[in-house]
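One structure is given here, and the rest of the page talks about it.
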Amino acid sequence: MPEKTAKTAAKAAAAKTPAAKVAPKAPVAKPVAAPKPAAPKAAAAPVAPKAAAPRPEEKKVVTQRQGFKANEFVVYPAHGVGQIMAIEEQEIAGAKLELFVISFMKDKMTLRVPTAKVANVGMRKLSDPALVKKALETLKGRARVKRTMWSRRAQEYEAKINSGDIVAIAEVVRDLYRSESQPEQSYSERQLYEAALDRLSREIAVVQHSTETEAVKEIEAQLAKSPRRGAKAETAEGDAEGDADGEDLDSDGDDATVEDEAA
């Protein structure tokens, strides 16, 4: 009996003892699919190196052409003494053209003349002192007035003024000069005289490095030495015959002045 009791107690104790914990099963690793080999990329085309941006061409500053220099004073026949401010290049109708930029300060006008055409337009350098002296000597001579109608003489005077020849311009000043003792000039005569006097005094002033006022005084001093002319009947007759023509010339002269101012 005692043995059965001991066995029964042992079984009861064993039944009450909790079953031993079962160790958790290790997770079964799933087979991982091997990565598919990537398709070979097409070889990239070689990139051409970028061309360097062209540098803007530096414009060469031209200071001399056809024997004329920048900042030099010159004589342009139709407008008198001017100064070359620059020698520039412009593209006109697809062609490159070099131009003299000439400033006429007194007239407030700028003129552009192709460098290749200076000979055709008659542009020249200033007269040398010897030629200026000859022009001043011309003023002391006797006036030479042709026995022709005023309209024809006026055309000849105007042609001389626009010739750019300093001696020819001095001849116009001499022939149209009137002293206080002589008859007054007509309007057209006065216009031509003042135009010739202006051209002559400007060039003399620049050559002698003086003012225009001083140049005019020197011109008038030379004119005062010329033989005085009395009033001639033939001159009066020529002026009377050319009154109508003189009026036409005046209107033409006014138009030219307006065009110059507009330019």
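All values derive from a computational prediction rather than experimental measurement.
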Measure the spacing between [atom1] of [X] and [atom2] of [Y] and express it to the nearest 0.5 Å.
X	Y	atom1	atom2	value
E158	S188	CD	OG	11.0 Å
S186	Q191	OG	CD	10.0 Å
S151	E156	OG	CD	10.0 Å
Q155	W150	CD	CH2	10.5 Å
I169	Y157	CD1	OH	14.5 Å

### Message
Test of understanding: clusters of I, L, V, M, F, W, Y form through side-chain heavy atoms closer than 4.5 Å, transitively. Do M85 and M123 belong to the same one?
### Response
no
### Query
Would you say V74 and L111 are hydrophobically clustered, going by side-chain heavy atoms of ILVMFWY under 4.5 Å?
yes
### Task
Quick one: sort the Y76 and F104 rings into parallel, tilted or perpendicular, breaks at 30° and 60°.
perpendicular
### Task
Decide salt bridge (charged side-chain N to carboxylate O under 4.0 Å, His left out) for D107 and R202; before the verdict, give the C-alpha distance in whole Å, the side-chain angles of both, and the deciding distance to 0.1 Å.
CA-CA 12 Å; D107 299 328; R202 282 197 209 182; 3.2 Å; yes
Does [X] use its side chain to pair, donor to acceptor, with the backbone of [Y] at less than 3.5 Å?
X	Y	result
E89	E98	no
E72	K69	yes
R199	A78	yes
R153	V145	no
K125	G67	yes

So, for [X] and [Y], which heavy atoms are closest and what is the spacing to 0.1 Å?
X	Y	value
G164	V75	O-CG1, 4.3 Å
G141	S226	O-CB, 3.5 Å
F100	V118	CE1-CG1, 3.3 Å
A170	A135	CB-O, 3.6 Å
G122	P77	O-CG, 3.4 Å

Using salt bridge (Lys or Arg N to Asp or Glu O under 4.0 Å) as the criterion, list what pairs up with [X], not counting sequence neighbours.
X	value
K140	E137
E220	none
R124	E203

Heavy-atom side-chain proximity of [X] to [Y] below 4.5 angstrom:
X	Y	answer
R174	T138	yes
Q83	N71	yes
V101	I84	no
T110	I102	no

#### Entry: side chain to side chain contact (heavy atoms under 4.5 Å, CB included) assessment of I161 paired with L192
CA-CA 8 Å; I161 293 171; L192 287 172; 4.1 Å; yes
### Message
Once ring-ring contact (aromatic ring centres under 6.0 Å, His included) is applied, do any residues pair with Y193, and if so which ones, sequence neighbours excluded?
### Response
none
### Task
Please step through side chain to side chain contact (heavy atoms under 4.5 Å, CB included) for the pair I219 and I204, ending with a clear verdict.
CA-CA 9 Å; I219 292 170; I204 290 176; 4.0 Å; yes
## Note on the structure
Contacts of R112 meeting side-chain hydrogen bond (donor to acceptor under 3.5 Å, both in side chains) (sequence neighbours excluded), chain-then-number -> E88
### Task
Would you check if there is a donor-acceptor pair between the side chains of R190 and Q185 at a distance under 3.5 Å?
yes
### Query
Is the number of heavy atoms from other residues, nucleotides or ligands under 6.0 Å of K146 NZ greater than 12?
no
### Query
Stepwise, does the side chain to side chain contact (heavy atoms under 4.5 Å, CB included) test hold for T115 with L99?
CA-CA 5 Å; T115 57; L99 304 168; 5.7 Å; no
For residues 206-218, which side-chain N or O atoms pair as donor and acceptor with protein atoms under 3.5 Å away, sequence neighbours left out?
{"from": "T211", "atom 1": "OG1", "to": "E214", "atom 2": "N", "distance (Å)": "3.2"}
{"from": "E212", "atom 1": "OE1", "to": "K106", "atom 2": "NZ", "distance (Å)": "2.9"}
{"from": "E214", "atom 1": "OE1", "to": "T211", "atom 2": "N", "distance (Å)": "3.2"}

#### Entry: Short N-O contact, R144 and E171, less than 4.0 angstrom
no
